Amino acid sequence: MRQILVTSALPYANGHIHIGHLVEYLQTDIWVRFQKLRGNRCIYICADDTHGTAIMIRARDEGIGEEELIAEMQQAHIRDFAGFDIEFDNYGSTHSQENRELCAEIWASKREAGLISVQEVTQLYDVEAGTFLADRFVRGTCPFCKLANQYGDSCDNGHHYGPVDLIDPVSTLSGTTPEIRTAKHLFVNIERLHGFLDEWTQSGNHLQPEIANYLKGHFLHEPLRDWDVSRPAPYFGFEIPDSPGNYWYVWFDAPIGYMASTKQWCDRHGEDFDQWWRSDKTEIHHFIGKDITYFHTLFWPAMLKTSGFSLPEKVHIHGFLTVNGEKMSKSKGTFVRASTYLEHLDPAYLRYYYAAKLTNRVDDIDLNLDEFVAKVNSDMVGNVVNLASRTAKFAARTGLSDVYPDDGGLFEQAAKGGDAIAEAYEACDYGRAIRQILVAGDRANQFVEHNAPWNLAKDPEQADRLRDVCTVGLNLFRQLAVYLAPVLPRLARQTGELLGRPIARWDESKTPVLGTSVGKFRHMMKRVDRQCVDATVAASTKAEPAGPQSAPGAPEDSDEPLKVEPLTETCTFDEFTKVDLRIARVVAAEDVPEASKLLKLTLSLGGEHRRTVLAGIKGVYQPADLIGRLVVCAANLAPRKMKFGTSEGMILASGPGGKEIFMLSVDKGARPGQRVH
RNA sequence: GGGCCCGUAGCUCAGCGGUUAGAGCAGGGGACUCAUAAUCCCUUGGUCGGAGGUUCGAAUCCUUCCGGGCCUACCA
């Protein structure tokens, strides 16, 4: 019997669980249920990730204390997970006494190993809010391309810089201009463990091959940079014991939360913590998304290594969720919260659909809503549950036969197939497992079809034969329920109730149930109603709670854009008139093949006045569609030499970037060359 | 510029060196009527992104190109 400790990444206490998160928690829950069903000793550990600036700011905005905020959010998370039958053995919090102590212990071992150094870090400081500003809390003008309203670390054109280099920086917390301040931060030297990380990441099957390659090419081919693990006060987190006024950075204490949550479980169950985190007896498996690969495959093993804890046996990394082939979108209603889903749909649907789609690769998975309806209905209701539905009624009268009847080897075949299905689950290749289960379901339906119990039921002399056919049908169904139990625990429970024997172990697929009575059949899964899916999307489309009531019929505009890009400082009329905006006609437009975002436009300001402008709108606008249209351009902007030529102005457009760029258009009658006042 | 993943039937995907390339769904035809308009049988449909190469044999291995996605760097 293996002893296995499994974790999912800790959800951040700053937001609610949505269907994207659920890919991971369902993937993990299925794996854990599988392990338990197989008879392995397995615990599923998780917790809320509660520290950091974002929590501090949010609590301040809501006018409540951080601890109140995180307590409420933890309750909401636990409720959402429970609604999807995600069953943790312990769900803790990084803001716990256990975590504080473990952080201190690990910290002490880093000190002892001489891995901690102090370095000066210069950051922007918001005097009014009384806090240093993380990059995403600063907006300003890019020092390279002069693009306004950019984050503190990089701009939409892909330039990288430090927040201190931003032109006209503004704090998004207070709207004031931050000042530059220097503070001492504590750093962990990871480079000293470079050799170990080379070895650990590249051998032993701890990582998927594409991840191991990625690390080799991106981080391990050069010296590893020191890791900044402290933040100066004020910060919501744990103060570093030997460095008053400094707090552990949220990413230092978050993974330690896995251990702290395990500790709570151990204390509740009289278990020895060291048997789980300092023992070769226990396999540790982390399930995470590809976005946090870096922390779990480099820093985390390095931290564990120097502190003498067990290293993960495997870090399982999954991709992101797309819906209908696109990123989840609030405006399209595909950013669906767990709680919203549960108001309209059965969690079993999503558990099944994700399982059918998941592989052991890092690929993104797509939730196609049409396919979601079709797949659940035809696979689960039409194929699997239908087996019970079409035989249980007859068997309720007769019970099951005492001796397993001849079924042409179907039961044995499906029993043997269990090993391959188990292998697929073990490898996190759930899609493969599901495919095999469905094949067994097809064969079982054929058996029922050929033996037509509905005809046997008409002839009293065929009663024994009828009972035998139903005994086979229900036992073949039960095998499917066993194999699907990790994915559909409720179906397994209902099957246990129907046949009077609970499903508790994988091996029960090898032994038929005989000689028992059969309960009254009740639908085990309803067909997915397309309207409920639409209702879920509609309920998710509602904008964030809008501000003041607007006139009936008026569009309800969210204030999100303003939050993302707060208004800048007042400028005078004279300053405004310094920018000479002109109407221009696009007379030529061509692709810049080597550039990823640029189109080369030739603008006419009337007569012979031409301007060449390189505009970052490739992929959003087609060159052919632009020719002839009127645009607004900043005409007196100093020419800028760029990699692909000189740009002699800018086209006015709004939007956050990426595919969302919206050029300003001009009402009819405007003429090229006219000034915009 | 570098890296990774993907490109197989209308859709979602399996197959990853060996008989005429598969499944589910969708489409077409039939059967059945126990079952949640479920099920069963038959069937249409693919120069396996393109081109080279290795091999007795390639969807499968190699090279290269094209297309899609992601990551990362650099330039301005």
Side-chain angles (χ1 to χ4, degrees), chain A residues 142-147 154-155 157-160 208-222 290-291 293-294 317 319-320 322 324-327 353 356-359 361-368 370-396 424 429 431-439 441-458 466 469-470 473 477 521-529 592 594-598 614 616 619 639-647:
Chain A
C142 170
F144 295 102
C145 64
K146 308 295 187 280
L147 195 61
S154 61
C155 79
N157 286 340
H159 303 132
H160 295 263
Q208 289 130 297
E210 59 264 53
I211 297 292
N213 277 341
Y214 162 77
L215 295 174
K216 192 156 88 182
H218 285 285
F219 299 103
L220 294 170
H221 71 290
E222 59 182 10
K290 63 184 181 184
D291 52 329
T293 296
Y294 181 66
I317 301 179
F320 296 146
T322 55
N324 292 335
E326 298 178 329
K327 265 169 73 171
Y353 185 82
K357 286 272 187 169
L358 277 167
T359 68
R361 290 190 299 253
V362 190
D363 306 345
D364 291 350
I365 78 164
D366 185 45
L367 166 57
N368 179 287
D370 293 325
E371 194 203 11
F372 173 76
V373 175
K375 204 163 176 53
V376 171
N377 286 344
S378 66
D379 294 356
M380 283 302 99
V381 182
N383 181 331
V384 175
V385 175
N386 186 231
L387 259 179
S389 180
R390 63 198 308 208
T391 49
K393 192 181 80 177
F394 302 118
D429 199 348
R432 198 169 89 217
I434 296 292
R435 262 178 269 126
Q436 295 175 50
I437 293 167
L438 291 177
V439 168
D442 283 338
R443 281 197 291 259
N445 270 301
Q446 287 162 22
F447 174 87
V448 174
E449 192 75 21
H450 294 150
N451 289 281
W454 51 94
N455 287 334
L456 299 174
K458 291 172 189 160
L466 173 63
V469 168
C470 293
F477 166 70
F521 180 77
R522 275 172 303 189
H523 283 177
M524 293 175 169
M525 194 184 290
K526 277 201 313 209
R527 296 176 65 75
V528 184
D529 183 347
V592 182
E594 314 85 62
S596 57
K597 293 181 183 167
L598 296 180
L614 291 168
R640 179 144 203 99
K641 199 159 170 288
M642 296 168 74
K643 185 172 175 183
F644 310 108
T646 299
S647 185

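None of the values given here were measured: they were computed from a predicted structure. Every heavy atom of this structure was used, including side-chain atoms; hydrogens, water molecules and symmetry mates were not.
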K.L.:
So which atom in A/A424 and which in A/A433 form the shortest heavy-atom distance, rounded to 0.1 Å?
P.N.:
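Nearest heavy atoms, A/A424 then A/A433: CB-N, 3.7 Å.
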
K.L.:
In whole Å, measure the gap between the C1' atoms of B/G57 and B/U20 for me.
P.N.:
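Looking at atom C1' only, B/G57 and B/U20 are 15 Å apart.
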
K.L.:
Roughly how many Å apart are B/C11 and B/U47, using the P atom of each and rounding to a whole number?
P.N.:
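Roughly 13 Å separates the two P atoms.
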
K.L.:
Give A/D364 one of three labels, base, sugar-phosphate or nothing, depending on what nucleic acid heavy atoms sit under 4.0 Å from its own.
P.N.:
nothing

K.L.:
Do any N or O atoms of the protein come closer than 3.5 Å to N or O atoms of nucleotides 41-45 of chain B, and which pairs are they?
P.N.:
{"from": "B/C41", "atom 1": "OP1", "to": "A/Q446", "atom 2": "NE2", "distance (Å)": "3.4"}

K.L.:
Base, sugar-phosphate or nothing for A/M524? Non-hydrogen atoms, less than 4.0 Å.
P.N.:
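Since a base atom lies under 4.0 Å of A/M524, the category is base.
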
K.L.:
From the list B/U36, B/C34, B/C71, which nucleotide is the closest neighbour of the side chain of A/Y214?
P.N.:
B/C71

K.L.:
Which residues pass the salt bridge (charged side-chain N to carboxylate O under 4.0 Å, His left out) test with A/E210, sequence neighbours left out?
P.N.:
none

K.L.:
Taking the nucleotide of RNA chain B with the nearest heavy atom to each, does A/S378 or A/R443 sit closer to the 5' end?
P.N.:
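Looking at the nearest nucleotide for each, A/S378 comes out on the 5' side.
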
K.L.:
For a quick test of reading the model, state the closest non-hydrogen atom pair linking A/F394 to A/A457 and the distance between them.
P.N.:
CE2-CB, 3.8 Å

K.L.:
If you measure from the C1' atom in B/U55 to the same atom in B/G18, how many Å do you get, rounded?
P.N.:
12 Å

K.L.:
Closest to the A/D379 side chain: B/U36, B/G24, B/U39?
P.N.:
B/G24

K.L.:
Judged by atom type as modelled, is there a donor-acceptor pair below 3.5 Å linking the side chain of A/N368 to the main-chain atoms of A/D370?
P.N.:
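Pair found, side chain donor or acceptor close to backbone of A/D370.
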
K.L.:
Check whether any side-chain heavy atom of A/V439 lies under 4.5 Å from a side-chain heavy atom of A/R435, and answer yes or no.
P.N.:
no

K.L.:
Scan nucleotides 6-8 of chain B against the protein and return all N/O pairs shorter than 3.5 Å with their distances rounded to 0.1 Å.
P.N.:
none

K.L.:
Could you work out which one of B/C34, B/G24, B/C4 sits closest to the side chain of A/E449?
P.N.:
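Out of B/C34, B/G24, B/C4, the nucleotide with an atom closest to A/E449's side chain is B/C34.
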
K.L.:
How many angstroms lie between atom CG of A/N324 and atom CG of A/D366, to the nearest 0.5 angstrom?
P.N.:
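The CG atom of A/N324 sits 6.5 Å away from the CG atom of A/D366.
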
K.L.:
In terms of the nearest nucleotide of RNA chain B, which residue is placed more toward the 5' end: A/M525 or A/T359?
P.N.:
A/T359

K.L.:
Sticking with atom C1', work out how far B/G22 lies from B/U8, rounded to a whole angstrom.
P.N.:
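About 10 Å, rounded to a whole number of Å.
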
K.L.:
Could you work out which one of B/C40, B/A35, B/C32 sits closest to the side chain of A/N386?
P.N.:
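Of the options given, the side chain of A/N386 lies nearest B/A35.
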
K.L.:
Which pairs would a plain distance check flag for residues 378-387 of chain A, meaning a side-chain donor or acceptor within less than 3.5 Å of a matching protein atom at least two apart in sequence or in another chain?
P.N.:
{"from": "A/S378", "atom 1": "OG", "to": "A/A374", "atom 2": "O", "distance (Å)": "2.9"}
{"from": "A/D379", "atom 1": "OD2", "to": "A/Y352", "atom 2": "OH", "distance (Å)": "2.6"}
{"from": "A/D379", "atom 1": "OD2", "to": "A/K375", "atom 2": "NZ", "distance (Å)": "3.2"}
{"from": "A/N383", "atom 1": "OD1", "to": "A/N445", "atom 2": "ND2", "distance (Å)": "3.4"}
{"from": "A/N383", "atom 1": "ND2", "to": "A/L438", "atom 2": "O", "distance (Å)": "3.4"}
{"from": "A/N383", "atom 1": "ND2", "to": "A/D442", "atom 2": "OD1", "distance (Å)": "3.0"}

K.L.:
Does B/U12 have OP1 or OP2 sitting under 4.0 Å from an N or O in the side chain of A/K357?
P.N.:
no

K.L.:
How long is the line joining CG of A/L387 and C1' of B/C40, in whole Å?
P.N.:
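These atoms are roughly 13 Å apart.
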
K.L.:
Separation of A/I317 atom CD1 from B/C4 atom C1', in whole Å?
P.N.:
13 Å

K.L.:
Distance between the C1' atoms of B/G15 and B/G7, in whole angstroms?
P.N.:
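Between the two C1' atoms, the distance is 15 Å.
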
K.L.:
Quick check for you: among B/A35, B/U33, B/U36, whose closest atom lies nearest to any side-chain atom of A/V381?
P.N.:
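The closest nucleotide is B/U36.
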
K.L.:
How many angstroms lie between atom CZ of A/R361 and atom CD1 of A/I211, to the nearest 0.5 angstrom?
P.N.:
13.0 Å

K.L.:
Which whole number of Å gives the distance between the P atom of B/U12 and that of B/G49?
P.N.:
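One P to the other, the span is 15 Å.
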
K.L.:
Suppose you measure atom C1' in B/A59 against the same atom in B/C13; what distance do you get, rounded to whole Å?
P.N.:
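Here B/A59 and B/C13 have their C1' atoms 14 Å from each other.
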
K.L.:
What is the distance from CG of A/N455 to P of B/C40, rounded to the nearest Å?
P.N.:
17 Å

K.L.:
Choosing from B/C40, B/C34, B/C13, which nucleotide comes nearest the side chain of A/R435?
P.N.:
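Out of B/C40, B/C34, B/C13, the nucleotide with an atom closest to A/R435's side chain is B/C13.
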
K.L.:
Whole-Å distance between B/C71 C1' and A/F219 CZ?
P.N.:
9 Å

K.L.:
So what does A/V385 touch, heavy atoms closer than 4.0 Å: a base, only the sugar-phosphate, or nothing?
P.N.:
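The residue A/V385 makes base contact.
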
K.L.:
List the steps, then state whether side-chain contact (heavy atoms from CB on, under 4.5 Å) holds for A/Y214 with A/T293.
P.N.:
CA-CA 10 Å; A/Y214 162 77; A/T293 296; 4.2 Å; yes

K.L.:
Begin from the C-alpha positions of A/I434 and A/Y353 and carry the test side-chain contact (heavy atoms from CB on, under 4.5 Å) through to its verdict.
P.N.:
CA-CA 10 Å; A/I434 296 292; A/Y353 185 82; over 6 Å; no

K.L.:
Sticking with atom C1', work out how far B/A9 lies from B/U72, rounded to a whole angstrom.
P.N.:
37 Å

K.L.:
Taking A/N377 for its side chain and A/R527 for its backbone only, find out whether a donor-acceptor pair lies under 3.5 Å.
P.N.:
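Answer holds: no.
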
K.L.:
Taking Watson-Crick and G-U wobble pairs with both distances under 3.5 Å, convert RNA chain B into its dot-bracket string, 5' to 3', dots for unpaired and | for cross-strand pairs.
P.N.:
((((((((.[[[[.)..(...]]]].(((((.......))))).....[[[[[..)....]]]]])))))))....

K.L.:
Can you list the residues that meet the side-chain hydrogen bond (donor to acceptor under 3.5 Å, both in side chains) rule with A/K290, with sequence neighbours excluded?
P.N.:
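By the side-chain hydrogen bond (donor to acceptor under 3.5 Å, both in side chains) rule, A/K290 matches A/D364.
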
K.L.:
B/U33 C1' sits how many Å from A/F394 CZ, rounded?
P.N.:
10 Å

K.L.:
Taking CG from A/N324 and P from B/U12, how many angstroms apart are they, rounded to a whole number?
P.N.:
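The distance from CG of A/N324 to P of B/U12 comes to 11 Å, rounded to the nearest Å.
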
K.L.:
Once you round to the nearest 0.5 Å, how far does CG of A/L215 lie from CG of A/L220?
P.N.:
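It comes to 6.0 Å.
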
K.L.:
Could you check which of B/U36, B/C25, B/C34 has an atom nearest any side-chain atom of A/K393?
P.N.:
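The listed nucleotide nearest to A/K393's side chain is B/C34.
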
K.L.:
Distance check needed: B/A73 C1' versus A/E222 CD, whole Å only.
P.N.:
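From A/E222 CD to B/A73 C1': 10 Å.
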
K.L.:
Rounding to a whole Å, what distance do you find between A/K375:NZ and B/C13:C1'?
P.N.:
8 Å

K.L.:
The side chain of A/S389 is closest to which nucleotide in this list: B/C34, B/C40, B/U36?
P.N.:
B/U36

K.L.:
With a 4.5 Å cut-off on side-chain heavy atoms, are A/F521 and A/T391 touching?
P.N.:
no

